[in-house]
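Reckoned from all heavy atoms, side chains included, excluding hydrogens, waters and symmetry mates. Here, residue 1 is the first one in the sequence, and each next residue gets the next number.
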Amino acid sequence: GAINLLEACTNLNVPMVGIAVGNYQEYNNYSNSKVAAEREMVKYAKYRGTRVNVVRGLNAFGERQKVIGTGKIVPTFITQALKGEPLSVYGGKDDSGIMDMIDVKDLAAILINVLEETDENAAGYGHVYEAGTGVGLPVWEIAKIIVEKTQSSSPILEVPMRPGESRRSKVVAENPYPFN
């Protein structure tokens with residue numbers, strides 16, 4: 001899919017912003033496919049002159065976020081807490097991942113800014129920007145905050161890490177895109 005979009009943008013000379021992931025260091029199918037697409041975007045910019053830049057959207061949360069089938073922690077935890085169901089944290093209290101949470105409105109603003117920069121060639125092409133806050137929270141703490149904010153009695157369960165994910169993985173922007 002990414003290559004089809006890149007070909008179309010190259011042939012039509014249309015600017016493009018690709019969305020990548022912050023957990024590029026993980027070795028699971030989702031991360032691997034997103035990293036491959038990111039590399040293709042940078043390659044097209046470098047070798048074919050495609051007007052494309054990449055935004056690594058970290059852990060976006062916000063209104064109207066889907067719950068079913070996404071695995072997104074904020075809407076999943078909120079839904080579980082509101083139903084009084086347990087919240088499962090992979091890695092538990094001591095080994096859960098550390099996540100950089102960004103409001104979807106801020107992520108949208110970054111995507112628009114990068115697209116405008118790509119269109120105007122202000123910063124060139126083939127750049128990878130990190131859309132995050134630079135601040136990480138353990139998933140265990142995020143679960144606690146959601147239980148408190150929803151005034152839920154839901155327990156927080158410690159469950160083993162999923163295959164392909166590391167203990168205490170850190171998905172935090174090291175060089176966050178300047179916004180606000």
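Cluster annotation: V171 is connected to I142 through the hydrophobic network of ILVMFWY side chains, with a link wherever side-chain heavy atoms come within less than 4.5 Å. Linking Ile, Leu, Val, Met, Phe, Trp and Tyr whenever their side-chain heavy atoms come within less than 4.5 Å puts I19 and L115 in one cluster. In the hydrophobic clustering of this structure, V74 groups with L82; members are Ile, Leu, Val, Met, Phe, Trp, Tyr whose side-chain heavy atoms approach within less than 4.5 Å, directly or through other members. Placement of I102 and V55 within a single hydrophobic cluster is found when ILVMFWY residues are connected by side-chain heavy-atom separations under 4.5 Å, directly or transitively. The hydrophobic clustering, which links ILVMFWY residues whose side-chain heavy atoms are closer than 4.5 Å, places V172 and Y129 apart.
With hydrogens and angles ignored, the 3.5 Å screen pairs a side-chain donor or acceptor of N59 with a backbone N or O of D100. Side-chain N or O atoms of E130 include one that pairs as donor or acceptor with a backbone N or O of N175 at under 3.5 Å. When atom types are taken as modelled, the side chain of R51 and the backbone of N13 share a donor-acceptor pair closer than 3.5 angstrom. Of the possible donor and acceptor atoms, one in the side chain of N53 sits under 3.5 Å from a partner among the backbone N and O of G124.
Between atom CD1 of residue I3 and atom CE of residue M41 there is a gap of 10.0 Å, rounded to the nearest 0.5 Å. The OG1 atom of T150 sits 13.5 Å away from atom NZ of K83, with the distance rounded to the nearest 0.5 Å. The NZ atom of K144 sits 4.5 Å away from atom CD of E141, with the distance rounded to the nearest 0.5 Å. Taken from OH in Y44 to OG1 in T10, the straight-line distance is 6.0 Å, to the nearest 0.5 Å. From L87, atom CG reaches atom CD of E85 across 9.0 Å, with rounding to the nearest 0.5 Å. Distance CG/L111 to CG/D106: 11.0 Å, rounded to 0.5 Å.
The minimum heavy-atom distance linking F77 with S88 is given by the pair CE2-O, 3.5 Å. The heavy-atom pair separating E117 from Y177 by the smallest distance is OE2-OH, 2.8 Å. Between M16 and C9, the shortest heavy-atom distance links the atoms CB-SG, 3.7 Å. Contact record, I110 with A131: CD1-CB, 3.8 Å, taken as the closest heavy-atom pair. Here the shortest heavy-atom pairing between S96 and V89 reads CB-CG1, 3.5 Å. Closest heavy-atom contact between P75 and K66: CG-O, 3.6 Å.
Each of K72, M101, M99 was scored for a side chain to side chain contact (heavy atoms under 4.5 Å, CB included) with F61, with one residue passing: M101.
The pair E7-R48 meets the salt-bridge criterion, with a side-chain N (NZ, NE, NH1 or NH2) lying under 4.0 Å from an Asp/Glu carboxylate O.
Side-chain atoms of T133 and P176, non-hydrogen and from C-beta on, never get closer than 4.5 Å to each other. Contact annotation: the side chain of Y125 never approaches that of V52 to less than 4.5 Å [non-hydrogen atoms, C-beta and beyond]. Under the 4.5 Å side-chain criterion, counting only non-hydrogen atoms from C-beta, E38 is in contact with V128. Inter-residue side-chain proximity for K34 and R56 is flagged as unmet; no heavy-atom pair is nearer than 4.5 Å.
The number of heavy atoms from other shown groups lying within 6.0 Å of CG (N11) is above 12. No more than 12 heavy atoms of other residues, nucleotides or ligands lie within 6.0 Å of CD1 in I68, so this atom counts as exposed by the packing criterion.
Side chain to side chain, S152 and S154 meet the donor-acceptor criterion of an N or O pair below 3.5 Å.
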